[in-house]
**Student:** 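I have a structure I would like to understand better, so I am pasting it below and will then ask my questions one at a time.
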There are 2 protein chains.
Amino acid sequence: MYTINEVAEICDLSAHTLRFYDKEGLLPFISRSKSGKREFSERDLELVKLICCLKNTGMPIKEIKHYIDLFMEGDDTFETRKQLMIEHRKEVLRQMSELKKNLNIIDLKIAFYNANGNDMPS
Amino acid sequence: MYTINEVAEICDLSAHTLRFYDKEGLLPFISRSKSGKREFSERDLELVKLICCLKNTGMPIKEIKHYIDLFMEGDDTFETRKQLMIEHRKEVLRQMSELKKNLNIIDLKIAFYNANGNDMPS
DNA sequence: GCTTGACTTCGATATAACTCTAAGTAATAC
DNA sequence: GTATTACTTAGAGTTATATCGAAGTCAAGC
């Protein structure tokens, strides 16, 4: 079991942020110790990592919550979750392609700088 | 010459946003018609595209302004601008690498869904 | 028993980047 | 000459994601 601070450390978040996520309904799966402290199992930790992955690829908290809600509903939502993930994968690919496009622009710019500014278009 | 709305269309921004950028000091190079309207030359358009590229790769407006300020100062800032661009390129590579890492996580997740949830880790 | 870590509520504050409103002016296009 | 487009100032409001602080409670470990 992990404490909130351990999870925070591992996932590069603050305990504050984790509680904030909890409040937003992103962590309904977390159990509590008899004294009321959050206890993260290995599986919980993996879910938090997945949440971070989704967040870091631009999924808004509300959509992540939707995914988690489906997850909590159980096996009936299996197909829906799978489709959501497949859709999000497309979005990540879109981001990568845009990033590549922008990298090209930057590379071109640096190439112009290396050519000592000759024919610099802008 | 392009009007503000044409540039907005081309760069997928609103005229509002372009005026906002202008106010923030990102577009000091734009000239005006005798009636006071903004006139974007081909070169200006390229610069706006560069600004969008920097913005879309996460550079904050203040840093973009700094770059534009250097640009307006002229050839003396050539080396500085080149170094800035090289540094930003590293940042873009970092983003791409993180995106790839996250794509892997998503792919793994989808693979588990395709395995019908067997051994689903989370 | 004292320190540390965790908990709660609640609200303030921050930050970035818009986004919009209003009210009035001025030139352009048909 | 009317509709469209663009301009101005100045400020209010929005969205998303935190981030912080206060104030008090509670339990565990040394």
Side-chain angles (χ1 to χ4, degrees), chain A residues 1-41 44-45 48-69 88 91 95 98 102, chain B residues 1-41 44-45 48-69 88 91 95 98 102:
Chain A
M1 288 295 183
Y2 300 88
T3 66
I4 194 168
N5 274 322
E6 284 164 350
V7 175
E9 169 86 5
I10 293 165
C11 298
D12 197 29
L13 301 167
S14 68
H16 250 306
T17 300
L18 277 167
R19 291 198 198 97
F20 166 72
Y21 286 170
D22 199 1
K23 203 176 65 184
E24 296 296 309
L26 261 52
L27 311 176
F29 48 85
I30 300 302
S31 64
R32 301 289 186 121
S33 75
K34 57 173 184 260
S35 62
K37 292 187 183 170
R38 289 173 185 82
E39 286 177 328
F40 295 76
S41 69
D44 294 341
L45 179 63
V48 175
K49 282 182 187 171
L50 180 65
I51 288 170
C52 289
C53 164
L54 296 175
K55 183 203 66 168
N56 291 333
T57 48
M59 187 183 284
I61 282 182
K62 278 185 188 171
E63 264 179 64
I64 300 176
K65 176 173 161 41
H66 180 215
Y67 180 83
I68 297 290
D69 285 347
H88 188 62
E91 164 60 19
Q95 287 177 34
E98 203 198 316
N102 283 322
Chain B
M1 288 296 182
Y2 300 89
T3 67
I4 195 169
N5 273 321
E6 283 164 352
V7 174
E9 169 86 5
I10 293 165
C11 298
D12 198 28
L13 300 168
S14 69
H16 250 309
T17 300
L18 278 166
R19 290 198 198 97
F20 167 73
Y21 285 170
D22 198 1
K23 203 175 63 183
E24 296 296 308
L26 261 52
L27 311 175
F29 47 86
I30 300 303
S31 65
R32 300 289 185 121
S33 74
K34 58 175 184 260
S35 62
K37 290 186 182 171
R38 290 173 184 83
E39 285 178 329
F40 295 75
S41 69
D44 293 342
L45 180 63
V48 174
K49 282 182 186 171
L50 180 65
I51 287 169
C52 288
C53 164
L54 296 175
K55 184 203 65 168
N56 292 333
T57 48
M59 187 183 284
I61 282 182
K62 277 186 186 169
E63 264 178 64
I64 300 176
K65 176 173 161 40
H66 180 216
Y67 179 84
I68 296 289
D69 285 348
H88 188 61
E91 164 60 18
Q95 286 177 34
E98 203 198 318
N102 284 322

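Each chain gets a letter, A, B and so on, in the order its sequence line appears, and its residues count up from 1. Predicted model, so just to flag it, every value in this text is computed and none were measured.
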**Student:** To the nearest angstrom, how far is A:N56 atom CG from D:dA16 atom C1'?
**Tutor:**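 Going from A:N56 (CG) to D:dA16 (C1'), I get 15 Å.
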
**Student:** In residues 24-31 of chain A, what residues come within less than 4.0 Å of DNA chain D, judged by heavy atoms?
**Tutor:**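 The answer is none.
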
**Student:** Take the protein atom NZ of A:K62 and the nucleotide atom P of D:dT15, then report the distance between them rounded to whole Å.
**Tutor:**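 In whole Å, D:dT15 P and A:K62 NZ are 8 Å from each other.
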
**Student:** Using whole Å, what does the distance between atom C1' of nucleotide C:dC7 and atom CD of A:E39 come to?
**Tutor:**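 From A:E39 CD to C:dC7 C1': 13 Å.
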
**Student:** Under a 4.5 Å cut-off applied to non-hydrogen side-chain atoms, are B:T57 and B:E91 in contact?
**Tutor:**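 A side-chain contact is absent here, since even the closest heavy-atom pair is not under 4.5 Å.
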
**Student:** Starting from C1' on D:dT17, measure out to CD1 on A:I51 and report it in whole angstrom.
**Tutor:**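 Roughly 15 Å, once rounded to whole Å.
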
**Student:** Let me know the distance between CE of A:M1 and P of D:dA28, rounded to the nearest Å.
**Tutor:**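 The answer, rounded to whole Å, is 16 Å.
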
**Student:** If you check the A:R19 side chain, which of C:dT8, D:dC7, C:dA27 turns out closest?
**Tutor:**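 Of the options given, the side chain of A:R19 lies nearest C:dT8.
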
**Student:** Excluding sequence neighbours, so at least two apart, what forms side-chain contact (heavy atoms from CB on, under 4.5 Å) with A:P60?
**Tutor:**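 In terms of side-chain contact (heavy atoms from CB on, under 4.5 Å), with neighbours along the sequence ignored, A:P60 is linked to A:E63.
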
**Student:** With side chains defined as the heavy atoms from C-beta onward, is the minimum distance between A:I51 and A:L27 less than 4.5 Å?
**Tutor:**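 Yes, close enough: below the 4.5 Å cut-off.
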
**Student:** Using atom NZ of B:K34 as one end and atom P of C:dA27 as the other, report the distance to the nearest whole Å.
**Tutor:**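 Going from NZ in B:K34 over to P in C:dA27 covers 10 Å.
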
**Student:** Does the side chain of A:F20 come within less than 4.5 Å of A:I61's, by heavy atoms?
**Tutor:**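 Touching, per the 4.5 Å side-chain cut-off.
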
**Student:** More 5' along DNA chain C: A:R32 or B:G58, using each one's nearest nucleotide?
**Tutor:**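 So the residue in question is A:R32.
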
**Student:** Tabulate atom names and distances for all N/O pairs under 3.5 angstrom spanning the protein and nucleotides 18-22 of chain C.
**Tutor:**
unit_1 : atom_1 : unit_2 : atom_2 : d
C:dC18 : OP2    : B:Y21  : OH     : 2.4

**Student:** A side-chain contact here means heavy atoms from C-beta on lying under 4.5 Å apart; do A:I10 and A:K49 qualify?
**Tutor:**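 A:I10 reaches A:K49 side chain to side chain.
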
**Student:** I want to confirm an ordering. Mapping B:K37 and B:M59 to their closest nucleotides on DNA chain C, which one lands closer to the 5' end?
**Tutor:**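 In this pair, the answer is B:M59.
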
**Student:** Does any part of the side chain of A:R19, heavy atoms only, come nearer than 4.5 Å to the side chain of A:I4, both counted from C-beta?
**Tutor:**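 Sidechains of A:R19 and A:I4: in contact.
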
